[in-house]
Amino acid sequence: MSAEDYSALSTKRLLEMFVAAAKQHGMGARQLKALSSSRDPLAPSVGPVDMEALKPTFAQLWAVSVALAPRQPTAQVERMLKDADPDIRMTAAAFLGSLSPEIADAAAKAAQAMRPTEEVLALQRRARQPPPQDPTLDEMTDDMLVDRFEDAALRESGVNYLDSLENEADQDLRNDIVREVWDLMRRLKARGLLARLLALFASDNQTVRREAATACLRIAEPEAVAVLEEVARNGIYGDGFAARLALSRWREKGLIVYGI
């Protein structure tokens, strides 16, 4: 079909063609297989892709995207960016992400993390939202201080999905949140509350598990080491490296965070 033929189609039809081509192209599935293979040495290796055979589908995706872009079907694209099918959301992020940059960024990172787009988007936004100033940490009850630790670890998880390697403001934000987590560890220890963090070992969030386990190495070493080893194996976006570093510092020097 020519560019004129695509432009003559309805928006609904173009979106249907985009979804069908995305599934046929298989961009998301291939990337996830490659990621799984790189993380798991026992996973079967991903064979070479016949890119020549994929050229017609790629050309169709490009032509459909060019026809769609001027029509600004933002709501429909955002639904694709949140689709459970990695082929749909990763292809939409690649070809139509300019229609919704924030959600497209979350969609691409969420697919690689094998998490829902909405979850990563919420974490990104949470990281950029500073905690309330009142009450101060000194004024918080024990329950509030434990909750604040979990909130800070969740914000640290969110900043992992930002662009701290390329964006200086995001790097500053990461540093501020990490310092906050460490300060909270020290305050929890001073109040004799570190054992309250053991419940966070079962958190669905890998950063929360990692930071809670790091804080508890002296009071529950076997359980904390087991959590850190799991995150070291399976963690992504910096958590795997941070878990390995925490284990190394603990095993070689008996260090956690200054004051813990």
Side-chain angles (χ1 to χ4, degrees), residues 101-110 112-113 115 117-191 193-194 196-201 203-218 224 227-228 231-232 235-250 253 255-260:
E102 182 188 24
I103 299 180
D105 179 67
K109 292 172 179 173
Q112 294 181 41
R115 307 299 299 181
T117 297
E118 292 93 332
E119 177 185 323
V120 170
L121 181 64
L123 285 170
Q124 288 176 322
R125 291 173 174 174
R126 187 170 190 162
R128 296 191 187 281
Q129 182 66 40
Q133 296 300 307
D134 296 312
T136 66
L137 296 181
D138 289 332
E139 295 168 340
M140 287 183 178
T141 65
D142 291 353
D143 287 345
M144 292 169 69
L145 201 64
V146 173
D147 288 344
R148 177 64 172 269
F149 177 90
E150 183 176 13
D151 173 70
L154 284 169
R155 284 184 280 114
E156 182 185 354
S157 177
V159 86
N160 285 337
Y161 293 106
L162 300 181
D163 295 313
S164 55
L165 292 178
E166 299 179 6
N167 186 309
E168 186 174 348
D170 287 344
Q171 181 61 58
D172 290 342
L173 178 61
R174 173 193 290 278
N175 293 337
D176 289 343
I177 294 174
V178 169
R179 283 192 289 265
E180 180 186 356
V181 171
W182 291 351
D183 183 33
L184 286 161
M185 287 183 188
R186 288 188 281 267
R187 289 173 182 271
L188 289 164
K189 180 187 178 183
R191 293 196 195 185
L193 297 174
L194 286 178
R196 295 277 299 273
L197 301 182
L198 294 173
L200 298 180
F201 286 16
S203 172
D204 187 47
N205 183 278
Q206 65 183 9
T207 308
V208 173
R209 294 198 305 276
R210 174 179 61 78
E211 291 289 23
T214 301
C216 293
L217 277 166
R218 294 197 195 282
V227 171
L228 288 171
V231 177
I236 59 172
Y237 285 116
D239 275 307
F241 172 79
R244 290 190 292 274
L245 180 61
L247 286 168
S248 175
R249 287 167 56 85
W250 174 248
K253 301 178 181 180
L255 298 177
I256 304 176
V257 170
Y258 179 75
I260 299 296

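Along the sequence shown, the residues carry numbers beginning at 1.
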Review point. Just checking, is any N or O donor in the side chain of N175 or Q171 under 3.5 Å from an acceptor N or O on the other one?
Key: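 Checked: N175/Q171 side chains pair up, N/O donor to acceptor below 3.5 Å.
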
Answer yes or no: is there a donor N or O on one side and an acceptor on the other, between the side chain of [X] and the main chain of [Y], under 3.5 Å?
X	Y	answer
T214	R210	yes
D163	E166	no
R115	V120	no
Q206	V231	no

task: Using salt bridge (Lys or Arg N to Asp or Glu O under 4.0 Å) as the criterion, point out the one residue from R155, R186, R187, R174 that pairs with E180.
output: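 In the set R155, R186, R187, R174, the residue that makes a salt bridge (Lys or Arg N to Asp or Glu O under 4.0 Å) with E180 is R155.
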
For a 4.5 angstrom cut-off between non-hydrogen side-chain atoms, does [X] reach [Y]?
X	Y	value
C216	L198	yes
E139	M144	no
L162	N167	no
L200	F149	yes
R191	D142	yes

Point-to-point distance, once rounded to the nearest 0.5 Å, from [atom1] of [X] to [atom2] of [Y]:
X	Y	atom1	atom2	result
I256	R249	CD1	CZ	9.5 Å
E119	Y161	CD	OH	6.5 Å
E150	T207	CD	OG1	11.5 Å
N160	N205	CG	CG	9.0 Å
L154	L123	CG	CG	6.5 Å
M140	D134	CE	CG	9.0 Å

Nearest heavy atoms of [X] and [Y], plus distance in Å:
X	Y	result
A152	L184	CB-CD1, 3.8 Å
D151	P131	OD2-CB, 4.3 Å
W250	L217	CZ2-O, 3.7 Å
A243	L228	CB-O, 3.5 Å
S203	R209	O-NH1, 3.0 Å
A127	L173	O-CD2, 3.5 Å

_Salt bridge K109-D105, side-chain N to carboxylate O under 4.0 Å_ =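 Salt bridge between K109 and D105, a charged N being under 4.0 Å from a carboxylate O: yes.
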
key: Ionic contact status for D170 with R128, cut-off 4.0 Å   =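 Looking at D170 together with R128, the answer is yes, because their closest N to O distance falls below 4.0 Å.
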
